[in-house]
2 protein chains.
Amino acid sequence: MTIRVAIVDDDELIRIGLRAIVGAQPDLEVVAEAGDGADVPDIVARTRPHVLLIDVRMPGIDGLQATRHLLATSADPPRVLVITTFENDEYVYDALRAGAAGFLLKRARPAEMVEAIRVIAAGDSVLFPAAIRRLAGAYGGSGDDRVRAARLTDREAEVLRLMATGRSNPEIAEHLVVGVETVKTHVRNVLAKLGCRDRTQAVIAAYESGFVNPNGLP
Amino acid sequence: MTIRVAIVDDDELIRIGLRAIVGAQPDLEVVAEAGDGADVPDIVARTRPHVLLIDVRMPGIDGLQATRHLLATSADPPRVLVITTFENDEYVYDALRAGAAGFLLKRARPAEMVEAIRVIAAGDSVLFPAAIRRLAGAYGGSGDDRVRAARLTDREAEVLRLMATGRSNPEIAEHLVVGVETVKTHVRNVLAKLGCRDRTQAVIAAYESGFVNPNGLP
DNA sequence: GGTCCGATCCCTCTGCCGGGGGAGGCCCGG
DNA sequence: CCGGGCCTCCCCCGGCAGAGGGATCGGACC
């Protein structure tokens, strides 16, 4: 099956280069191109790409915003591969946090680029699976049973996620920059809503209901 | 040309393991070892390694600070490969932002580790997806790694499994028909072997390493 | 304007959890 | 035979967790 690729970059030269590289592969196909992040929802809806190559830095709607919006609204979003010039671009990390599946350096060799696209399209492997899933899960809506049924508030969900990283109450407090007492209140509410006796049971519920996931897989 | 590798980790066991793995490769050579991030500038200046393996989490100067300092002061710094236990460790993001070239999971297989070192040493191919893919590599399906590496006894494994069902120590004791003190001893041993602070972290490790799984699947 | 809810913080108090010891019985293997 | 794992149980103790109260503030909603 050919992998459907969409390219979004404000620099036409980059688009031409990427199109040439991607188009030369028998198993890859460029199904859409755009020069503005604002077009992303439209082209995704129309062409249903498997992989979306998008520049983090663009005038108007940048890759970060586009990614976030996409994962928040699309029922079956493409895998997002962020394009960047500098490997230490701070936006990249924000993009990854927003749910991007990986990133690609503009100066990477063509063979590396297409390999990255294939890897990303395969979906189940790659970069920071757990972290990405967690973040994507926070924005997008993939299924929890018990946790979703608990109707946690944003803050409570955040606290549960931190509990599921093994943090103690003081550590969560530090991370959220609030008092320990506040965290304890949230924890108490989470436990009550989930019907759990202690934080360990809550973390188990989080795993079992897919609120958090081990090493990958939706 | 042999790739010169320096290893910095506060855990001597990890250092021994890495040294054994790296040293066994004909094209890799361990030129320095340290247990404290404070030693990094010194060993880098003295031994001029190509690749620096460093643990993100260490008492005193951690990998993050060491990396930052190194890249800020060294004229020709080594490529930094960060060592971490959890792939979603928040420090990892910070380390990458600080200039690390990639990260290595402690539970990765030796072949994946040396491959990662070679990729990093090659320098220009800093493509994360490709590198990470080799690291995360064959992860899926059956991978106890962390838990298996802990070499738990039968009883300890049984206790961990019960911990992962959300049982308290008294409940585990009742289930196993032994005293609570016995259970506490097993729990203590499990925590020590897994390097966890509390039972919640142990349960997370059990899920993340596939020792137990949500809802099904091998 | 009043009500409800979410987020924040504070207090007390019970108790299990987890660390650090030690100690006896068992079976296996050198 | 005797050492070493493993399982079992015991004591002491500091500390955080979790229950149960109550309080303030802001925004959303009516």
Side-chain angles (χ1 to χ4, degrees), chain A residues 138-139 141 144 146-207 211-212, chain B residues 10-11 13 57 59 85-86 144 146-207 211-212:
Chain A
Y139 291 104
D144 334 334
R146 186 153 157 212
V147 173
R148 185 172 43 190
R151 307 200 62 76
L152 301 179
T153 66
D154 291 348
R155 207 54 161 169
E156 287 161 358
E158 205 173 355
V159 168
L160 176 55
R161 253 175 251 285
L162 290 170
M163 287 164 66
T165 66
R167 285 177 170 80
S168 66
N169 287 341
E171 285 169 349
I172 293 174
E174 188 186 1
H175 189 90
L176 294 179
V177 199
V178 297
V180 182
E181 295 303 324
T182 304
V183 174
K184 291 182 70 172
T185 300
H186 290 316
V187 170
R188 224 180 312 134
N189 292 337
V190 168
L191 295 182
K193 287 184 178 178
L194 291 179
C196 294
R197 183 182 48 196
D198 52 49
R199 69 202 298 108
T200 304
Q201 289 188 352
V203 169
I204 292 169
Y207 272 102
F211 182 71
V212 294
Chain B
D10 60 309
D11 189 344
L13 205 55
R57 294 191 186 237
T85 304
F86 304 105
D144 284 18
R146 174 110 179 269
V147 173
R148 186 171 38 195
R151 307 199 65 76
L152 301 179
T153 66
D154 291 347
R155 206 53 160 172
E156 286 162 359
E158 205 172 354
V159 168
L160 176 55
R161 238 174 270 282
L162 291 169
M163 286 163 66
T165 66
R167 286 176 169 83
S168 66
N169 287 342
E171 285 167 351
I172 295 175
E174 188 187 0
H175 191 268
L176 295 179
V177 199
V178 296
V180 181
E181 295 302 325
T182 303
V183 174
K184 290 182 68 174
T185 300
H186 290 317
V187 170
R188 224 181 308 140
N189 292 336
V190 168
L191 295 181
K193 287 184 179 178
L194 291 179
C196 294
R197 183 182 49 196
D198 53 47
R199 67 203 300 110
T200 304
Q201 289 188 351
V203 169
I204 291 169
Y207 272 101
F211 182 72
V212 294

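Lettering of chains follows the sequences in order, A, B, ..., and the numbering in each one begins at 1. Since this is a predicted model, take the numbers as computed values, not measurements.
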Taking [atom1] from [X] and [atom2] from [N], how many angstroms apart are they, rounded to a whole number?
{"X": "L194(A)", "N": "dG18(D)", "atom1": "CG", "atom2": "P", "answer": "13 Å"}
{"X": "K193(A)", "N": "dG18(D)", "atom1": "NZ", "atom2": "P", "answer": "17 Å"}
{"X": "D198(A)", "N": "dA19(D)", "atom1": "CG", "atom2": "C1'", "answer": "13 Å"}
{"X": "R197(B)", "N": "dG18(C)", "atom1": "CZ", "atom2": "P", "answer": "11 Å"}
{"X": "L191(B)", "N": "dC16(D)", "atom1": "CG", "atom2": "P", "answer": "16 Å"}
{"X": "Q201(A)", "N": "dA17(D)", "atom1": "CD", "atom2": "C1'", "answer": "13 Å"}

Nearest heavy-atom pair of [X] and [Y]: which atoms, and what distance?
{"X": "I204(B)", "Y": "A164(A)", "result": "CD1-O, 3.2 Å"}
{"X": "T165(A)", "Y": "L162(A)", "result": "OG1-O, 2.6 Å"}
{"X": "V180(A)", "Y": "P170(A)", "result": "CG2-CA, 4.2 Å"}
{"X": "I172(B)", "Y": "V159(B)", "result": "CD1-O, 4.2 Å"}
{"X": "C196(A)", "Y": "A205(A)", "result": "SG-CB, 4.5 Å"}

Next item on the list: Write out all pairs satisfying salt bridge (charged side-chain N to carboxylate O under 4.0 Å, His left out) with one or both partners inside residues 179-192 of chain B, taking only residues at least two apart or from two chains.
Entry: none
Margin query: Tell me which pairs pass salt bridge (charged side-chain N to carboxylate O under 4.0 Å, His left out) where either residue lies in residues 158-170 of chain B, with sequence neighbours left out.
Written below: R155(B)-E158(B)
Notebook entry, point to check: Short question: side chain of Q201(B), backbone of G166(A) - any donor-acceptor pair under 3.5 Å?
Noted result: yes
Please list, pair by pair, any protein nitrogen or oxygen found under 3.5 Å from a nitrogen or oxygen in nucleotides 25-30 of chain C.
none

Grab the N/O contacts between the protein and nucleotides 7-11 of chain C below 3.5 Å, and write none if there aren't any.
{"residue": "dA7(C)", "atom": "OP1", "partner": "T153(A)", "partner atom": "OG1", "Å": "3.4"}
{"residue": "dA7(C)", "atom": "OP1", "partner": "R155(A)", "partner atom": "N", "Å": "3.2"}
{"residue": "dA7(C)", "atom": "OP2", "partner": "T153(A)", "partner atom": "OG1", "Å": "2.5"}
{"residue": "dT8(C)", "atom": "OP1", "partner": "R155(A)", "partner atom": "NE", "Å": "3.3"}
{"residue": "dT8(C)", "atom": "OP1", "partner": "R155(A)", "partner atom": "NH2", "Å": "3.0"}
{"residue": "dT8(C)", "atom": "OP2", "partner": "R155(A)", "partner atom": "NE", "Å": "3.1"}
{"residue": "dT8(C)", "atom": "OP2", "partner": "H186(A)", "partner atom": "NE2", "Å": "2.8"}
{"residue": "dC9(C)", "atom": "OP2", "partner": "G179(A)", "partner atom": "N", "Å": "2.4"}
{"residue": "dC9(C)", "atom": "OP2", "partner": "T182(A)", "partner atom": "OG1", "Å": "2.6"}
{"residue": "dC9(C)", "atom": "O5'", "partner": "T182(A)", "partner atom": "OG1", "Å": "3.3"}
{"residue": "dC9(C)", "atom": "N4", "partner": "T185(A)", "partner atom": "OG1", "Å": "3.1"}
{"residue": "dC11(C)", "atom": "N4", "partner": "E181(A)", "partner atom": "OE1", "Å": "3.3"}

Next item on the list: Report the residues that fulfil side chain to side chain donor-acceptor pair (under 3.5 Å) with R197(A), sequence neighbours left out, ordered by chain and then residue number.
Entry: E171(B)
Next item on the list: Quick one: list whatever passes side chain to side chain donor-acceptor pair (under 3.5 Å) with N169(B), sequence neighbours left out.
Entry: R199(B)
Once rounded to the nearest 0.5 Å, what's the spacing between atom [atom1] of [X] and atom [atom2] of [Y]?
{"X": "E156(A)", "Y": "D154(A)", "atom1": "CD", "atom2": "CG", "answer": "9.5 Å"}
{"X": "T182(B)", "Y": "L176(B)", "atom1": "OG1", "atom2": "CG", "answer": "9.5 Å"}
{"X": "T153(A)", "Y": "N189(A)", "atom1": "OG1", "atom2": "CG", "answer": "7.5 Å"}

Margin query: Can you pull out the residues from residues 164-174 of chain B that lie within a 4.0 Å heavy-atom distance of DNA chain D?
Written below: none
Item checked: By side-chain contact (heavy atoms from CB on, under 4.5 Å) - contacts of A206(A) (at least two apart) -> L160(A), F211(A), V212(A)
Next item on the list: Identify, with sequence neighbours excluded, every residue that meets side-chain contact (heavy atoms from CB on, under 4.5 Å) alongside E174(B).
Entry: none
Next item on the list: Determine, stepwise, if the pair M163(A) / T200(B) fulfils side chain to side chain contact (heavy atoms under 4.5 Å, CB included).
Entry: CA-CA 8 Å; M163(A) 287 164 66; T200(B) 304; over 6 Å; no
Write out a two-atom table: protein N or O, nucleotide N or O from nucleotides 23-30 of chain D, distance below 3.5 Å.
none

Check: Dot-bracket for DNA chain C: what is it, with Watson-Crick or G-U pairs under 3.5 Å, [ ] where a pair crosses earlier ones, and | for a pair to another strand?
Finding: ||||||||||||||||||||||||||||.|
